[in-house]
Amino acid sequence: MSSQRLFLFLILIFLGGFGWVNPPCFAQKIPVIVDTDLGGDPDDIQSLFRLLHYSDILDIKAIVSTPCSQIDSHPWDTIPQDLLIQEWIQRIDMDHLRSKGYKDLMAEEELLQVVRKGSQQPQAPYPAGQTEGSELIAELASKYNPENPIWVLVWGSMTTLAQTLHDHPSIAPNIRIYSIGSTNTEHDILSRNYVYQFMENEFADLWWIENAILPKGKYETFRGVYQGGEQSGEWGNIAFVEKTIRGKGTTRGGMFDRKSGDAFPVATWPQGTLKEGDSPSILYLISPSIAGVGNLDDPTRESWGGQFRLAFPEKFPNYYVDLDASPEECQATINKWRVDFMSDWKQRWEKY
């Protein structure tokens, strides 16, 4: 961050702390579809909080539930995952946050209406495999074009998106994909490989950031959102939850027994922490607007959401993967910005 930008940022924080300025307005929202396996490790719920808190920048067109078959046991596992997503949207209480100054955030009712059920088990796409989620992705993508694309953020297996491409290949030029791989890929290698083969056989120009390509553990760029960087004091993964999140939010008029900040779940691994493993996809999109860092059209540039390379530029001009470096170096492309992206989120939590 330049010294001039830092100075202006600090002035805004100072004035905002006294209620003298309103949160910034962003001229044009970025249309996004989120495809999530929310319901397993709580970090998807953590990322859902961040996603909704930035819906003044991100225009959330759909949230699709694509469960993973290999999930840990949690008290909410008995709830259908599309309904679980809706429950957490209600817990977050967007209308309360809008009333506290973030008037451009999406309303709860808007968000509840865009939740859909996707593919319910890992598998390669097949002729009768369409779901309400895969069809909604196709419907939405058909309204966009390569010059004005819609982003698809994949926070789990690629099962539903692969089915969409299988059934509606013509939408491929209109989407940009940011997927979190690693364990998610292992849970459904068939659907991930289908998307890759689709790019190889049908549309070589597919726009795709694949964060954490296999083999698992070799790069793992996404883990920079919770590993490394400034972890002292309030910026630690346990301290941030305790100092910034706990006690915030509402019970939504008594609908729930705890405030949203008190219900905010912590990860099972690293145990008891703020993990947000899928949030790099969010950070990539908001980084240029908030910090002037990054370029949505060029993943090789530095960004809060990571820095990437073209894997096979002559073959696939828009396929980006982790840098050819150690896991620590890959993760540093995110965690070097930790104080910046956590400070900005802290401001939003404090409005609660």
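Count residues from 1 along the sequence. Predicted, not measured: the structure shown is a model, and the values here were computed from it. Below, all heavy atoms of this structure are taken into account, side chains as well, without hydrogens, waters or symmetry copies.
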To the closest 0.5 Å, what do you measure between [atom1] ([X]) and [atom2] ([Y])?
X	Y	atom1	atom2	result
Glu110	Met94	CD	CE	9.0 Å
Gln81	Thr66	CD	OG1	9.0 Å
Leu190	Ser157	CG	OG	10.5 Å
Tyr352	Thr250	OH	OG1	7.5 Å
Asp324	Cys330	CG	SG	8.0 Å
Trp337	Asp344	CH2	CG	14.0 Å

Are any of the side-chain nitrogens in Arg192 or Asp188 under 4.0 Å away from the carboxylate oxygens of its partner?
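Salt bridge between Arg192 and Asp188, a charged N being under 4.0 Å from a carboxylate O: no.
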
With the threshold set at 4.0 Å, does a side-chain nitrogen-carboxylate oxygen contact exist between Arg176 and Asp297?
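Yes, this pair counts.
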
Evaluate Val266 against Thr273 for side-chain contact (heavy atoms from CB on, under 4.5 Å), listing each step before the verdict. CA-CA 5 Å; Val266 291; Thr273 64; 5.9 Å; no

Hey, is the main chain of [Y] close enough, under 3.5 Å, to the side chain of [X] for a donor-acceptor pair?
X	Y	result
Lys351	Leu97	no
Ser47	Asp44	no
Thr36	Leu38	yes
Glu210	Tyr178	no
Gln231	Tyr226	yes
Tyr219	Ala325	no
Gln307	Thr300	yes
Asp82	Ser65	no
Arg116	Glu132	no
Thr164	Thr160	yes

Would you say [X] and [Y] make side-chain contact, with heavy atoms under 4.5 Å?
X	Y	value
Gln227	Glu328	no
Ser232	Glu230	yes
Arg348	Tyr54	yes
Ile60	Leu52	yes
Asn184	Phe222	no

Do Arg91 and Trp88 meet the cation-pi criteria used here (NZ or CZ under 6.0 Å from the six-membered ring centre, within 45° of the axis)? yes

Looking at [X] and [Y], what are the two nearest heavy atoms and their distance?
X	Y	value
Arg98	Met106	CD-O, 3.7 Å
Asp43	Glu276	CB-N, 3.7 Å
Asp205	Asn318	O-ND2, 2.9 Å
Ser119	Pro67	O-CD, 3.3 Å
Tyr284	Ser303	CD1-OG, 3.4 Å
Thr131	Gly118	OG1-CA, 3.5 Å

(request) Mind running side-chain contact (heavy atoms from CB on, under 4.5 Å) on Ile290 and Ile57 for me, showing each step along the way? (result) CA-CA 9 Å; Ile290 292 177; Ile57 302 174; 3.7 Å; yes

Next on the checklist: As a quick check of understanding, evaluate side-chain contact (heavy atoms from CB on, under 4.5 Å) for Val321 and Arg309, giving each step before the final call.
Outcome noted: CA-CA 6 Å; Val321 300; Arg309 63 185 165 96; 3.7 Å; yes

Could you see if [X] belongs to whatever hydrophobic cluster contains [Y]? Use Ile, Leu, Val, Met, Phe, Trp, Tyr and a side-chain cutoff under 4.5 Å.
X	Y	result
Ile282	Trp304	yes
Phe256	Ile89	no
Phe312	Ile177	yes
Leu111	Ile150	no
Leu310	Leu296	yes

Strictly by modelled atom types, are [X] and [Y] linked by a side-chain donor-acceptor pair under 3.5 Å?
X	Y	value
Asn193	Gln197	no
Ser182	Glu220	yes
Gln90	Gln86	no

Step-by-step side-chain contact (heavy atoms from CB on, under 4.5 Å) determination, Leu58 to Ile286: CA-CA 8 Å; Leu58 307 176; Ile286 66 175; 4.2 Å; yes

When the ring planes of [X] and [Y] are compared, do they come out parallel, tilted or perpendicular, using 30° and 60° as the limits?
X	Y	answer
Tyr194	His166	tilted
Tyr319	Trp208	tilted
Tyr196	Phe316	perpendicular

Note to self: Would you say the ring centers of Trp345 and Phe49 fall short of 6.0 Å from each other?
What the structure shows: no

